[in-house]
Amino acid sequence: MTRPKKPHRLIHRISGQTYLWLAMLIFGASGAVTRKLTEIGAQHLIGNAYSGKLRNPISLCNVLFVGNLCALILLILIYGRQWNKATLKQFSRKDWVSLTIVAILSGALAPGLIFQALALTGVNNVILVGRLEPPLTLALSVWLLRERVNIWEFIGAIAAFIGVILTIILQPPTETMMNMGGFGLGIGELLAAAGSIAVAASTIISKKHLSQIPLGIYSIFRTALGTVIFFFIALFLYGRDHFADVLSPFLWQWMFLYGGLIVVLGQSFWIKGLKTSTVSTASLVSSFGPIVGILAAYLILGEAPNFAQYIGGSLILVGIFLSQVGTWRQTSSKVNSTPAQQQVEAGMGFKGI
């Protein structure tokens with residue numbers, strides 16, 4: 001009698017929430033890691049020192065563009081076999097349209113906005129304002145996916161939303177801020193909010209229309225199309241010289257590490273976890289991103305929270321706690337049953353990060 005393969009069985013025993021938590025640890029630290037990489041690049045400038053035209057090879061645009069290229073190479077090596085004629089024939093025109101929209105939103109628009117926000121404001125601001133995505137995703141899941149949300153989750157989402165707003169409007173004045181009725185609104189914070197909206201929209205579209213798309217096909221298509229679109233947008237906005245150092249070996253050696261860890265491993269964990277979890281659970285887990293992100297910003301960059309971040313972050317944590325209470329109550333009432341929505345999602349769901 002053949003013995004069962006224990007490692008294989010162990011992998012299947014790992015819960016969806018465990019994968020979500022592992023992904024959140026990676027995503028939470030990504031902002032601080034990205035900023036640290038640009039600081040490393042600033043210590044290794046390249047170009048003509050005599051003319052004064054020295055450039056940072058690890059600029060934010062290069063991180064996004066080359067990091068995605070490295071991730072794409074790794075994704076093709078891992079999932080390339082899924083791209084076969086028999087599998088692709090099963091997709092309808094609606095599937096491809098949905099894939100394209102998600103790739104634009106989560107593969108090009110959202111990361112482009114968030115990376116630009118990192119260039120204009122602190123990592124902690126980007127992290128906290130990014131928490132606009134969970135309550136927005138939750139609201140859209142109720143409206144469009146007909147997911148049921150209890151009163152605790154609703155109140156928690158409202159508290160988190162208010163925390164994000166306070167984080168934005170209570171920021172100390174800087175040169176990149178606009179005066180709006182007596183409040184200072186930072187351009188970086190507004191870009192981070194726009195990126196969060198794009199992520200929420202892509203998450204709902206993925207959950208509603210792409211639940212049966214294989215992980216490899218989704219990941220490769222999203223990364224490839226998103227990278228191409230971002231490249232042409234950057235060329236239009238910044239000019240051809242913006243990618244002058246895109247072939248730098250120093251840049252590529254760091255980007256293979258970044259792309260493999262942040263993009264491939266983090267995204268794969270998230271997608272693996274979401275396939276057996278509801279949008280509400282995923283939103284709850286992603287709400288802990290500020291804790292991981294702020295700790296990472298302090299440990300990696302030495303960036304301590306300011307007053308606005310303490311106030312907004314405290315409300316966000318209250319919202320997380322209330323949402324957790326709601327999840328516990330919902331779970332305890334369904335110990336012996338599997339939600340119908342979760343059975344439908346057993347195919348594959350996606351998080352647009």
Side-chain angles (χ1 to χ4, degrees), residues 5 7-8 11-12 14 16 19-20 22-23 26-27 30 62-112 198-199 201-235 243 246-247 252 255-277 282 344-353:
K5 297 179 181 180
H8 182 70
I11 291 175
H12 281 283
I14 299 177
Y19 281 113
L20 293 179
L22 290 173
I26 295 173
F27 291 144
S30 64
N62 282 343
V63 170
L64 180 55
F65 179 63
V66 180
N68 275 355
L69 286 179
C70 293
L72 182 60
I73 293 172
L74 295 174
L75 286 170
I76 291 175
L77 292 175
I78 297 171
Y79 299 113
R81 292 182 179 180
Q82 292 186 10
W83 280 78
N84 56 74
K85 191 173 182 180
T87 303
L88 296 178
K89 279 186 175 181
Q90 300 175 10
F91 302 155
S92 65
R93 181 179 298 179
K94 185 177 181 180
D95 291 333
W96 287 112
V97 170
S98 298
L99 271 171
T100 301
I101 294 173
V102 169
I104 294 172
L105 288 173
S106 64
L109 183 60
V199 170
S202 68
T203 301
I204 296 300
I205 295 173
S206 298
K207 201 71 175 177
K208 187 175 179 64
H209 299 293
L210 303 177
S211 61
Q212 303 301 323
I213 302 297
L215 169 60
I217 292 177
Y218 169 84
S219 299
I220 292 174
F221 185 87
R222 171 185 176 273
T223 304
L225 183 59
T227 302
V228 171
I229 292 174
F230 171 78
F231 177 75
F232 283 106
I233 292 176
L235 281 181
F243 291 105
V246 77
L247 297 179
W252 278 81
M255 288 305 97
F256 266 113
L257 178 62
Y258 174 88
L261 179 62
I262 303 296
V263 182
V264 176
L265 191 61
Q267 180 176 286
S268 296
F269 279 164
W270 185 267
I271 294 171
K272 183 72 174 177
L274 188 57
K275 95 173 191 178
T276 53
S277 305
V344 172
E345 293 162 2
M348 188 65 66
F350 303 101
K351 166 75 173 176
I353 298 290

Atom pair [atom1] ([X]) and [atom2] ([Y]), whose distance is rounded to the nearest 0.5 Å:
X: Met255; Y: Asn62; atom1: CE; atom2: CG; value: 8.5 Å
X: Leu265; Y: Ile78; atom1: CG; atom2: CD1; value: 9.0 Å
X: Leu257; Y: Trp252; atom1: CG; atom2: CH2; value: 14.5 Å
X: Leu69; Y: Phe231; atom1: CG; atom2: CZ; value: 9.5 Å
X: Lys272; Y: Leu20; atom1: NZ; atom2: CG; value: 12.0 Å
X: Ser202; Y: Leu210; atom1: OG; atom2: CG; value: 10.0 Å

Please report the shortest heavy-atom distance between [X] and [Y], naming the atom on each side.
X: Leu64; Y: Pro111; value: CD1-CB, 3.7 Å
X: Leu225; Y: Ala103; value: CD2-CB, 3.8 Å
X: Ser106; Y: Arg222; value: OG-NE, 2.8 Å
X: Pro214; Y: Gln82; value: CB-OE1, 3.2 Å
X: Tyr218; Y: Leu99; value: CD1-CD2, 3.6 Å
X: Leu74; Y: Phe256; value: CD1-O, 4.3 Å

I'd like to know if the side chain of [X] reaches the main chain of [Y], judged simply by a donor and an acceptor atom lying under 3.5 Å from each other, with no hydrogens or angles considered.
X: Thr87; Y: Trp83; value: no
X: Ser219; Y: Gly216; value: no
X: Asp95; Y: Ser92; value: yes

Would you mind reporting whether [Y] and [X] have side-chain heavy atoms less than 4.5 Å apart?
X: Leu72; Y: Thr227; result: no
X: Ile217; Y: Phe91; result: yes
X: Phe230; Y: Leu109; result: no
X: Phe221; Y: Val102; result: no

Ring-plane angle category for Tyr19 and Phe269, please: parallel below 30°, perpendicular beyond 60°, tilted otherwise.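 Because their plane-to-plane angle lies in the 30° to 60° range, the rings of Tyr19 and Phe269 count as tilted.
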Checking side chain to side chain contact (heavy atoms under 4.5 Å, CB included) between Leu105 and each of Thr100, Thr203, Ile205, which is the one that passes?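 Result: among Thr100, Thr203, Ile205, Ile205 is the only option passing the side chain to side chain contact (heavy atoms under 4.5 Å, CB included) with Leu105.
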